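Quick caveat: nothing in here was measured; it's all calculated off a predicted structure.
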Amino acid sequence: MKVFPNRPRWLLTALLFAFCTFTTRAAEMSAQAVAAKLDSLKDTIAAEVTAHMSTNTVRGSYTTVWRQFEDAAIDALCVVLPKYIEGLSEKNFDRGTTGREKNRLADLAIVCGTNVIEISIKAAQRTGNPENDMGTFRDHPNREKLFAASFTLWVRYESAGENLRAERAFFDRTWRFVGKSSLVDGVKYRKKDGNMRPKPWTMFDSSQAYWKSEEEFEAAVKRSEIYRANELVKEYLTDLSEDDQRVLYERLKEKLGGGTPVR
């Protein structure tokens, strides 16, 4: 028995292509729907995770205790999120493969068909403003291509005698947690590696962000990236040999519309 005996091959190919396109778009819409739900539930998620974690204490060095908070936060999210997002279950969560080191795309990934939503986990002490790494300028475009949306769960912890206790959790789009530079009208970053840095705790508590939209944030990233590049050139220019400075000079002339490329 032949299936579709009177259908030309090109029509079957077109139907298959249309089906694949439809399923891909459905997956994209699914990721968009989940991200929109996460946006609308961010305060509820933060409160629920806080409730889950505040009853537990951890012990250890300040340099390693973040891992315990991270694992506890992931466990809490995997319990909380399916309660509020219909259709979401354990099968949608990718915690990575546990071994000597965890191998994973994100601290916690929500897999929606062919699309992935990233949830990063950060932990910092209540005393002093957070200074966690939030991704480098170099890595930022790659993560935008890899993930349909990026969120971060912050765990603020405090001392409880000899132990440490999660005092409050915060959940939002990652870009809303990024701080502002005091050197340029752009994002806060560490000069040596271009790693973005977070806003102060007071802005966490008031749910404020320096950027009104993701587009404003992206423009701020670009301004800081360019500023840092210029500052690095100034800093290391005198360390270059005359030959290297000449090569740099010729390359700049070429880029700016004049001169002959150096071979």
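- Remark: the backbone N or O of Asn195 is paired with a side-chain donor or acceptor of Asp193 at under 3.5 angstrom.
- Proximity of a side-chain donor or acceptor of Arg138 to a complementary backbone N or O of Gly194 within less than 3.5 Å is not detected.
- In terms of modelled atom types and a separation under 3.5 Å, the side chain of Ser224 and the main chain of Val221 share no donor-acceptor contact.
- Here Glu86 pairs with nothing under the side-chain contact (heavy atoms from CB on, under 4.5 Å) rule; sequence neighbours left out.
- Both tests pass for Arg156 against the ring of Trp201: distance under 6.0 Å to the centre and angle within 45° of the axis.
- Using a 4.5 Å heavy-atom cutoff, the side chains of Leu164 and Phe69 are in contact.
- A donor-acceptor contact closer than 3.5 angstrom is absent between the side chains of Glu225 and Tyr189.
- At a threshold of 4.0 Å, the pair Lys83-Glu48 counts as salt-bridged, since one of the basic side-chain nitrogens sits closer than that to a carboxylate oxygen.
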Between Ser207 and Asp172, does a side-chain contact (heavy atoms from CB on, under 4.5 Å) hold up when you go through it step by step? CA-CA 9 Å; Ser207 299; Asp172 209 336; over 6 Å; no

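- Counting heavy-atom neighbours within 6.0 Å of Lys191 NZ, excluding the residue itself, gives a total above 12.
- Judged by the 6.0 Å and 45° rule, Lys199 forms a cation-pi pair with Phe204.
- Although no hydrogens or angles enter the test, the distance criterion places no donor-acceptor pair under 3.5 Å between the side chain of Asn92 and the main chain of Ile110.
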For a salt bridge (Lys or Arg N to Asp or Glu O under 4.0 Å) check, start with the C-alpha distance between Asp205 and Arg168, then their side-chain angles and the critical distance, and finish with the verdict. CA-CA 10 Å; Asp205 289 321; Arg168 186 175 175 184; 3.1 Å; yes

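- By the criterion of side-chain heavy atoms lying less than 4.5 angstrom apart, applied directly or through intervening Ile, Leu, Val, Met, Phe, Trp or Tyr residues, Tyr84 is grouped together with Ile119 in one hydrophobic cluster.
- Salt-bridge check for Lys188 with Glu131: passed, with a basic side-chain N closer than 4.0 Å to an acidic carboxylate O.
- There is a path of hydrophobic side-chain contacts, each under 4.5 Å, that joins Phe151 to Val49.
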List the steps and the verdict of salt bridge (Lys or Arg N to Asp or Glu O under 4.0 Å) for Glu70 and Arg95. CA-CA 11 Å; Glu70 179 181 294; Arg95 309 182 189 211; over 6 Å; no

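- Note: the hydrophobic cluster containing Val34 also contains Leu81 (ILVMFWY, side chain heavy atoms under 4.5 Å, direct or indirect links).
- Note: Arg143 CZ to Leu146 CG = 7.0 Å, rounded to the nearest 0.5 Å.
- Nearest heavy atom pair, residue Arg190 against residue Arg197, reads NH1-NH2, 2.7 Å.
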Between Asp71 and Arg67, does the salt bridge (Lys or Arg N to Asp or Glu O under 4.0 Å) criterion hold? Intermediate values first, please. CA-CA 6 Å; Asp71 290 341; Arg67 190 179 296 276; over 6 Å; no

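- With hydrophobic clusters built from ILVMFWY side chains whose heavy atoms lie under 4.5 angstrom apart, Ile117 shares a cluster with Leu153.
- Side-chain heavy atoms closer than 4.5 Å link hydrophobic residues (I, L, V, M, F, W, Y) into clusters, and following such links, possibly through other members, connects Met196 to Phe170.
- The environment of Glu242 atom CD is sparse: at most 12 non-hydrogen atoms of other residues, nucleotides or ligands sit within 6.0 angstrom.
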Steps toward salt bridge (Lys or Arg N to Asp or Glu O under 4.0 Å) verdict (Lys180, Asp185): CA-CA 7 Å; Lys180 187 173 184 179; Asp185 182 23; 3.6 Å; yes

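- At least one donor-acceptor pair under 3.5 Å links the side chain of Glu216 to the backbone N or O of Lys212.
- For the 3.5 Å distance criterion, the side chains of Thr174 and Thr152 qualify, holding a donor opposite an acceptor.
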